[in-house]
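Note on naming: letters A, B, ... go to the chains in the order of the sequence lines (proteins, then strands), and numbering restarts at 1 for each one.
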2 protein chains.
Amino acid sequence: MRLSLHGKQMTVDQTFEYYLKRKSLKMTQERKVILDEMSGSDRHFGPEDLLIQLREKGKRVSRATVYRTLDLLVDSGVVKKVCLGPQQFYYESLAKKEQRHSHLVCVKCGKIIEFSDQATEERLVRICQENQFEMTSRCFQVFGFCSKCK
Amino acid sequence: MRLSLHGKQMTVDQTFEYYLKRKSLKMTQERKVILDEMSGSDRHFGPEDLLIQLREKGKRVSRATVYRTLDLLVDSGVVKKVCLGPQQFYYESLAKKEQRHSHLVCVKCGKIIEFSDQATEERLVRICQENQFEMTSRCFQVFGFCSKCK
DNA sequence: TTGCTTGCAAAGCATTTGCAGGGTA
DNA sequence: TACCCTGCAAATGCTTTGCAAGCAA
């Protein structure tokens, strides 16, 4: 997926760089590393998972920086932040996702079932418009129990 | 709203009492107090809010007991637990709600806009069935920015 | 050089848990 | 009398923050 700006198509990298410039922020090694890792992934994961992935590749970034950078990525629009459970946020790259999709979240075992339902999502977009509400997550969450945890 | 069991209608109190009996648990003063407070409310609130409400009425219950009892109320089905934001759960009594309803949650200021959309909710129920998923919250959440925080 | 960034450790919250004393059936 | 419950304080887990040193433009 490519993101558009002023009608032009931009890659995820370009989008983020443009965002940094606009905010007078700098592109650092750490931010590059995190952006790359996110762009290459198409799963949800928590900050801790990301940290481990990076460590495994020998790329050392502090926990604080991961949190701070993820917030920037979300703010710039290349990553979405999703509330998937008790007390943790998950992040998901928008780079590889073809479509909006939503989640059924098992509150017991944490299993996440993705689904897409165009009609529902279109309706949801309309509801947001009616309420002058701007979706950030581009998806919705339903909490409950998966088949194993019922 | 009344809850049904074996085709019979039960009040919230009866439902909870029956639940306790089934689980060999006891109806204590603290549980009564919390149940009453929940039944009388039709707003979402966090455990901390509940604690303050109770204190204001001179009813002293410990934080731990509030958490423990809310879990029981959820498990018994008279209260629903909703993930509405950063790192806090909210609870909502099912006693006064006529219908299922869902939430638009502002991730900046915490404002919560409730909405109902029957078609969407029916679709959602079907999606859950297809995935053998049992909704606990009876609603879904959409995260984003309200009109003031855009 | 200026001012944004980083890493570290400490702090902050919400929530859970161990334990000793107290209450319910 | 047996358990179940409560309150307290400590522990836990995720996230944020203050600060001094480091780095990009």
Considering residues, nucleotides and ligands other than A/E130, do more than 12 of their heavy atoms fall under 6.0 Å from its CD?
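Yes - once you tally the heavy atoms of other residues, nucleotides and ligands closer than 6.0 Å, there are more than 12.
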Taking atom CZ of A/R60 as the centre, does the number of heavy atoms from other residues, nucleotides or ligands within less than 6.0 Å exceed 12?
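For A/R60, atom CZ is not crowded (no more than 12 foreign heavy atoms under 6.0 Å).
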Would you say the side chain of A/R60 and the base of C/dG7 hold a donor-acceptor pair, judged only by whether the two atoms sit under 3.5 Å apart?
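Flag unset: no donor-acceptor pair detected.
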Using only modelled atom types and a 3.5 angstrom limit, is any donor from either the side chain of B/K26 or the base of D/dC3 paired with an acceptor on the other?
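Indeed, a donor on one side and an acceptor on the other fall under 3.5 Å apart.
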Under 4.0 angstrom between [X] side-chain N/O and [N] OP1 or OP2:
X     : N     : value
B/T65 : D/dC5 : no
A/T28 : C/dT6 : yes
A/R31 : C/dT6 : yes

Whole-Å gap separating [atom2] ([N]) and [atom1] ([X]):
X     : N      : atom1 : atom2 : value
A/R63 : D/dT15 : CZ    : P     : 10 Å
A/E48 : D/dG13 : CD    : C1'   : 10 Å
B/L73 : D/dC5  : CG    : P     : 13 Å
A/Y67 : C/dA9  : OH    : C1'   : 15 Å
A/Y19 : C/dC4  : OH    : C1'   : 13 Å
B/L70 : C/dT16 : CG    : P     : 10 Å
A/K21 : D/dA24 : NZ    : C1'   : 13 Å
B/D49 : C/dC13 : CG    : C1'   : 14 Å

Among [options], which nucleotide has an atom closest to any side-chain atom of [X]?
X     : options               : answer
B/D71 : C/dT5, D/dC5, C/dT16  : C/dT16
B/R68 : D/dG18, D/dT15, D/dC8 : D/dC8
A/V61 : C/dG7, C/dT24, C/dT5  : C/dG7
A/A64 : C/dT5, D/dT17, C/dT17 : D/dT17

Minimum heavy-atom distance A/R31-A/L25, with the two atoms named:
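Closest approach of A/R31 to A/L25: NH1-CB, 4.0 Å.
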Would you call B/D71 and B/K81 a salt bridge, taking side-chain N to carboxylate O under 4.0 Å as the test?
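Answer for the salt bridge query: yes.
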Determine yes or no for a side-chain-to-main-chain donor-acceptor pair under 3.5 angstrom, with B/D49 supplying the side chain and B/G46 the backbone.
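Judged by distance alone, yes, a pair lies under 3.5 Å.
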